[in-house]
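In what follows, every chain begins at residue 1, and chains take the letters A, B, ... in the order their sequences are listed. Remember, predicted model here, so these are calculated numbers, not experimental data.
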Amino acid sequence: MRIMAQMAMVMNLDKCIGCHTCSVTCKQAWTNRTGLEYVWFNNVETRPGLGYPRRYEDQETWKGGWELGRNGRLKLKGGGRLAKLATIFSNPKLPEIEDYYEPWTYDYENLLNAPASKTFPVARPHSLLDGRPMNPQWGANWDDDLGGTYKTGHDDPMLKGIEEKVTFEFDKSFMFYLPRICEHCLNPTCAASCPSGAIYKREEDGIVLVDQNRCRGWRMCISGCPYKKIYFNHSTGKAEKCTFCYPRIEVGIPTVCSETCVGRLRYIGLMLYDAEAVTAAASVKDDRDLYEAQRGVFLDPRDPAVAREAERQGIPLDWIDAAKKSPVLRLINDYKVALPLHPEYRTMPMVWYIPPLSPIVDAVRETGHDAEEAGNLFGAIDALRIPLEYLANLFTAGDVEPVRQVLDKLAAMRSYMRDINLEREPREEIAQAVGMTGSEVKEMFRLLAIAKYDERYVIPTAHAEQAHALEELATDCPVGEGGPGAFGGGSGGPVPVAIQTLRETKERMQADDMSQVPGSVSYLQWDGRGVPGKASPEEVEHRQGIPGAGPDITADPRAEAPLKGMRAQEDPQ
Amino acid sequence: MNTFLFGVFPYLAMAVFVVGTIWRYKYDKFGWTTRSSQLYESRMLRIGSPLFHYGILLAVLGHAMGLVIPKAWTDVLVPEDIYHAVAVGGGMTAGIMIVVGFVILVFRRRTVKTVFNATTVNDKVMYLVLGLTILFGMWNTISTAFAPEEYHYREGVSPWFRSIFTFQPNVDLIAGAPFQFQAHAVTAFLLVMIWPFTRLVHVFSAPFQYLARPYIVYRSKGDTGQRPTPSRAPQGTWKSPTASKR
């Protein structure tokens, strides 16, 4: 048994309101640079819908993930090592920019500079790739809130097997939101597909990262990842991906997407697992057994034998303690309400989801019935097969049973807690109907509905004795370094990314009240205190690489242009 | 002039190549990539790129056969006419693949606006030198194929090439060669000289280690995968003099 710790996430889809705040703050922190205009490490999809990039779940087209070979062993669906090397000169399964969307901006200057005329000037869209005027045809969430889904919805790969039953008529359809980040899989195909060996899984916390100094831009990872959560930076020629905000995680604060989540639907915590059992679990024959197989590789740190063994194998004590308190562990293993996204890809994903009960609640309510009555809900979950089968295609390789059990638990919780809130006698039989006790239901309710910050995020800090090795100490993100130079990209200079120092982060973490909090933060280290985006002049002196903040200001030609204009105005010559 | 072009320049080119490659690897690992443009356009790339690259690999084999192995050795093993047929057949196949592939790729680079935008001056210079090398190389192949008696490169160019590596460059051996052979030699060494400073460095990244390594790579937080650097200063990235001015 080889015990490893994995930083994992659970998202409660019932609480997602589709506001895209996670996507926007993530983009501000990580992908607001040249070459990554089209990239969203975090995106929110409306389902049913095509997703981003379009139809990424159709692995018969994209060949991502693993599959079982004839001999029953795992092999890369996109072809093994020799096949990868043979097709290295032109990756046959790479999504093109149209599959994501061609990024654009608007010609805002025209609003100010247009000569007087009878009609209002307009800001026309221009491509961010070649600058030409363009007509946007698709975007990362073009079919948001089922927009246009009557036309494109039937191309959703997850409608497989239930096509005839699903209509996209306004009053008969159901929908929910699916926020997605990198899954930080236990058995990642991106890493397995990388010819250079640049993608690695961190031993300490299982975060999957791309070594920017080793990546040679072969692009096999992009095809290999079935979730299409590795992206090609077309300016630097290298792969980039969601980092699980490791600079934040290392100092014990949650990812930017979690921190800024309006619905507070994300949970972060450790999972201990047996690394030696992963391959066997990912190789079970039936796709539908993969959910249980993956649960089987997780270890329970509350078991003294496991804790002892983990300690013996060098996992720090405070990490074991954090693993015991992990909200993710409770949701996945105790209450069994969280499910993996697409276990059939056999990558053992580690961002899990609590499927939404809301489409069913809405349907019951619309029929005029009491949508919080246990009997009505249980009945509806069975009667409304379509949402159930659709969710099963997403989370359990099509096996309806585990999804039904989760929804039953959520329905029971809803009904049981309603009685308490109305000061009626809680009915124990509702809890028993889903195999729980009343107090368990109350605990689960607490975690799902009212858990506070440090219950939702149980993140042990990286270790002081390893501090010399913390990547944050190198202070800046290598992907923002350098610029095109003599060898690099031709399409515009990169916009540097700002990651502030560990010292600054620590000061913020240890501050007792607001007065001690430095005035400025970037989203990358914003912990909810203070206002992001303002800096005092003294701080500005220490800054480099923040657009418009430091002495570097002249390094950016676009920043220099307005400065020149200002000088010209001040100087009457 | 001949002494410089065929006696001095090859050494200059190779010295720049070796030092330049080490320097680039040390200071510009972040810039070490193919800078793929497949995201912008993949239909033409899908045909042009494999054609060109497999052609080049074949041509490398051909050069090893024709330049490195002395004629006396092959004469023992295979009759002259069979050797000639293999050399010309292989050479023409490789040449056509390279030329067609190269034309497709350059056409794509010029006509697809996004790809053209991503093309630097550095790339353009490299394509020019590479294109000239290919042009003269193709001319050599054709002249050898259709007028085999006119010039025996394996008695002139090849021994000259080997003489470079024994550090006794014999310029006279190539001095009598036709123009296209001399031109091919010069442009090829010019290509070698600019090699470390262009995107051509991706050749050294041919990922054969992929065949042997385990699928999933685990790495500890502090392990950079390279030799430890004495200080934890950010890894150096080479900046061009113009970058700091911009």
When rounded to the nearest 0.5 angstrom, what distance separates [atom1] in [X] from [atom2] in [Y]?
X	Y	atom1	atom2	result
R219(A)	L39(B)	CZ	CG	9.5 Å
S196(A)	Q209(B)	OG	CD	6.5 Å
D99(A)	S42(B)	CG	OG	9.0 Å

Is the shortest heavy-atom distance from the side chain of [X] to the side chain of [Y] under 4.5 Å?
X	Y	result
Y215(B)	T189(A)	no
F30(B)	K238(A)	yes
L85(A)	P207(B)	yes
S127(A)	T114(B)	no

Give a yes or no answer on whether the side chain of [X] reaches the backbone of [Y] with a donor-acceptor pair at less than 3.5 Å.
X	Y	value
Q38(B)	N91(A)	yes
R81(A)	Y210(B)	yes
K201(A)	I216(B)	no

For L209(A) and R219(B), what are the C-alpha separation, side-chain angles and deciding distance, and is it a side-chain contact (heavy atoms from CB on, under 4.5 Å)? CA-CA 10 Å; L209(A) 295 172; R219(B) 235 161 87 178; over 6 Å; no
Are R216(A) and T33(B) linked by a side-chain donor-acceptor pair shorter than 3.5 Å? no
Please output the residues of residues 53-66 of chain B in contact with chain A, using a heavy-atom cutoff of under 4.5 Å, in numerical order. H53(B), Y54(B), L57(B)
Contacts with chain A made by residues 43-50 of chain B (heavy-atom distance under 4.5 Å), listed by residue number: L45(B), R46(B), S49(B), P50(B)
Using non-hydrogen atoms and a 4.5 Å limit, figure out which bit of [X] sits close to chain B: side chain, backbone, both or neither.
X	answer
L128(A)	neither
C215(A)	backbone
I199(A)	backbone

Is there any salt bridge (Lys or Arg N to Asp or Glu O under 4.0 Å) pair reaching into residues 89-117 of chain B, and which pairs are they, with sequence neighbours excluded? E41(B)-R108(B)
Please report the C-alpha distance between S220(B) and R202(A) in whole Å, then the side-chain angles of each, then the deciding distance to 0.1 Å, and finally whether the side-chain contact (heavy atoms from CB on, under 4.5 Å) criterion is met. CA-CA 5 Å; S220(B) 184; R202(A) 291 215 297 195; over 6 Å; no
Given the rule in the side-chain contact (heavy atoms from CB on, under 4.5 Å) test, do S205(B) and W218(A) qualify, once you have shown the distances and angles that lead to the verdict? CA-CA 10 Å; S205(B) 306; W218(A) 301 121; 3.9 Å; yes
I'd like to know which of [options] tops the heavy-atom pair count under 4.5 Å against chain B.
options	answer
T87(A), L76(A), I207(A)	L76(A)
C190(A), P95(A), A198(A), S193(A)	S193(A)
A191(A), G237(A), P195(A), S90(A)	P195(A)

How close do T236(A) and R35(B) get, heavy atom to heavy atom, and via which atoms? O-CG, 4.2 Å
More than 12 foreign heavy atoms under 6.0 Å from CZ of R2(A): is that the case here? no
Please check if the number of heavy atoms outside F204(B) that lie under 6.0 Å from its CZ is greater than 12. yes
Just jot down the side-chain contact (heavy atoms from CB on, under 4.5 Å) partners of T61(A), sequence neighbours excluded, or say none. D58(A)
